Student: 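One structure, pasted below without further comment.
All heavy atoms count here, side chains included; hydrogens, waters and symmetry mates do not. Numbers restart at 1 for each chain; the letters A, B, ... are given by sequence-line order, proteins then strands. Treat the numbers as computed from the prediction; the structure is a model and nothing was measured.
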There are 2 protein chains.
Amino acid sequence: MSSDKKISSAVIRRLPRYYRYLGEIKESGIQRISSNELSNRMKVTASQIRQDLNNFGGFGQQGYGYNVEYLYEEIGKILGIDKTHSMVIVGAGNLGQAIVNSEDFAKRGFIIRGVFDNNKELDGRKIGEHQIMMSDRLPQFIKDENIEILAITVPKDAAREVARVAVEAGIKAIWNFAHTDINVPDNIVVENVHLSESLMRLSYNMANHANQ
Amino acid sequence: MSSDKKISSAVIRRLPRYYRYLGEIKESGIQRISSNELSNRMKVTASQIRQDLNNFGGFGQQGYGYNVEYLYEEIGKILGIDKTHSMVIVGAGNLGQAIVNSEDFAKRGFIIRGVFDNNKELDGRKIGEHQIMMSDRLPQFIKDENIEILAITVPKDAAREVARVAVEAGIKAIWNFAHTDINVPDNIVVENVHLSESLMRLSYNMANHANQ
DNA sequence: TAGATTGTTAATCGATTAACAATC
DNA sequence: TAGATTGTTAATCGATTAACAATC
């Protein structure tokens, strides 16, 4: 059920933000909103909002605007968070723990099914309700439990090997926090979170007085 | 010393990645590299590399290429990481701890000078070598210690107030991990890290079999 | 019906890629 | 000098904004 036309990544980058705003607008009890009003809140052009949404179909109604709840639901579907996704974390350091202990991801349907590390001292220790497993059990676990997403929070030197093993075991997507690019086959999705690069951009902007 | 021409944010987004690759190439002992060879490694066009770099000046030499060490240093300067930057963390949860305990940021010159939280049970507890301070001390600390960067790792409901107080106290930049946009004056730099949005993009791409 | 606002086409703007003269 | 490769201009491609007819 792949889409016909290729949606630009610039649009995809904006979708979660629409989703977040619409969620908040919905919570505040507002039932309909025009692209113009949404544009005021989000500081993007109304034109861009209408263009972006129309990549996926006509969600609005002339003379009325958009039904907030409906649009929120539809964007959720587009993002694939109307279903749950199974995830494992490899790397039980601070960052791994932060992800495990956060409620935000489970709330969006990303269910953590296992936490792995290769430090033997951590074997069996608990993070939240998860008992840390040794990394050599990772491939079998991915297969047995049908894990879709691998979050990599190990140091960069270990990251590629973890990715390789997981890909071989049939993982579908990798959420990579290690400071390295990982090379995987084209059909595997990789989403990078490079915190130190983010901080360098901040540093650049600070030196150059730029606006956000 | 602001730059004359405005550099596009697309270029800035790529700079840290150039920096990372050049650092690794330097470590591997290679002394010179052509845009073509770098393009092969990084999977971007050589043309883009040359265009990007030329926004900041001619770092290469016809017939030779680029001196790896020199280019690495220069990009470091452009990014402003030839100097150190003082930073505080507000929010001593898992994510805050992860940032404090990471060596990566200090390595790039981002020095953590204080960790704050408003949970009284944490008052005085230690994270690494940092004693957690209560958030009411934040504004005075920012002034006294000349803090440039505020990392916000508190839940979204508290984030805006923390930002407001810090801006009033003279903070220059905010590294925001809370799931909300924070509105600050134009001269304050904001760099957002919205992890759940990252995960939603991953989810979208997974559903649509896209390449990275 | 009149007013509002979308969906969509057209115009503009910006970013990427290609090409090549300059030059090491 | 000949070969290599940059710096930079020109061409292309894509994304954003503007405009407005369609329509609720």
Student: If you apply the rule side chain to side chain donor-acceptor pair (under 3.5 Å), what do you find for R50(A) with S35(A), and how did you get there?
Tutor: CA-CA 7 Å; R50(A) 294 203 299 276; S35(A) 57; 2.9 Å; yes
Student: Rounded to whole angstroms, how far apart are CZ on R13(A) and P on dA15(C)?
Tutor: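 The distance from CZ of R13(A) to P of dA15(C) comes to 12 Å, rounded to the nearest Å.
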Student: Can a donor-acceptor pair be found between the side chains of Q140(A) and D144(A) at a distance below 3.5 Å?
Tutor: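 Yes, D144(A) and Q140(A) have a side-chain donor paired with an acceptor closer than 3.5 Å.
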Student: Mind checking which stems touch DNA chain C? I mean at least 3 consecutive Watson-Crick or G-U pairs, both distances under 3.5 Å.
Tutor: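 For DNA chain C the paired stretches long enough to count as stems (3 pairs minimum) are C:3-24 with D:3-24.
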Student: May I ask you to list the residues of residues 15-33 of chain B, by number, that have any heavy atom positioned under 4.0 Å from an atom of DNA chain D?
Tutor: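 Residues of residues 15-33 of chain B that come under 4.0 Å of DNA chain D do not exist, since none gets that close.
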Student: Please check if the side chain of T153(A) supplies one atom and the backbone of F177(A) the other of a donor-acceptor pair under 3.5 Å.
Tutor: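 Pair absent, no side-chain N/O of T153(A) close to backbone of F177(A).
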Student: Tell me, for nucleotides 16-22 of chain D in 5' to 3' order, what letter each nucleotide earns: B for a base near a protein heavy atom under 4.0 Å, S for only sugar-phosphate near one, - for neither?
Tutor: SBBBB-B
Student: To the nearest Å, give me how far apart CG (L53(B)) and C1' (dT6(D)) are.
Tutor: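 Answer to the nearest Å: 11 Å.
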Student: Quick one: N55(A) CG to dG14(D) P, roughly how many Å, whole number?
Tutor: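 In whole Å, dG14(D) P lies 14 Å from N55(A) CG.
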Student: Please determine whether the number of non-hydrogen atoms from other residues, nucleotides or ligands lying under 6.0 Å from atom NZ of K156(B) exceeds 12.
Tutor: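 Atom NZ in K156(B) is not crowded, with 12 or fewer foreign heavy atoms closer than 6.0 Å.
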Student: How many Å lie between CD on E37(A) and C1' on dT5(C), as a whole number?
Tutor: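 Roughly 13 Å, once rounded to whole Å.
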Student: Could you check whether the rings of H85(B) and F110(B) sit parallel, tilted or perpendicular, using 30° and 60° as the cut-offs?
Tutor: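 Parallel.
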Student: Distance under 6.0 Å and angle within 45° of the ring axis: does R32(B) meet both against Y64(B)?
Tutor: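 Flagged: R32(B) positioned over aromatic ring of Y64(B).
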Student: Do E168(A) and R164(A) meet the salt-bridge criterion of a basic N to acidic O distance under 4.0 Å?
Tutor: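 Here R164(A) pairs with E168(A) in a salt bridge, since their nearest N and O are under 4.0 Å apart.
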Student: In this structure, how many angstroms lie between the C1' atom of dT6(D) and the OH atom of Y70(B), rounded?
Tutor: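 In whole Å, dT6(D) C1' lies 14 Å from Y70(B) OH.
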Student: For F105(B) together with W175(B), are the ring centres under 6.0 Å from each other?
Tutor: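 Between F105(B) and W175(B), which both carry aromatic rings, the centre distance is below 6.0 Å.
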Student: Can you check whether L79(B)'s main-chain N or O pairs, donor with acceptor, with S203(A)'s side chain at less than 3.5 Å?
Tutor: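 Answer holds: yes.
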Student: With side-chain contact (heavy atoms from CB on, under 4.5 Å) as the test, pick out the partner of V90(A) among I174(A), V165(A), L138(A).
Tutor: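 Only match with V90(A) under side-chain contact (heavy atoms from CB on, under 4.5 Å): L138(A).
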Student: Ignoring hydrogens, what is the shortest heavy-atom contact between T45(A) and S39(A)? Give both atom names and the distance.
Tutor: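 Closest pair (atom of T45(A), atom of S39(A), distance): C-CB, 3.9 Å.
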Student: Check whether any side-chain N or O of Y66(B) sits under 4.0 Å from OP1 or OP2 of dG7(D), and answer yes or no.
Tutor: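 Y66(B) to dG7(D) OP1/OP2: side-chain N or O found under 4.0 Å.
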Student: For L71(A) and dT5(C), what is the distance between atoms CG and P respectively, to the nearest whole Å?
Tutor: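 From L71(A) CG to dT5(C) P: 16 Å.
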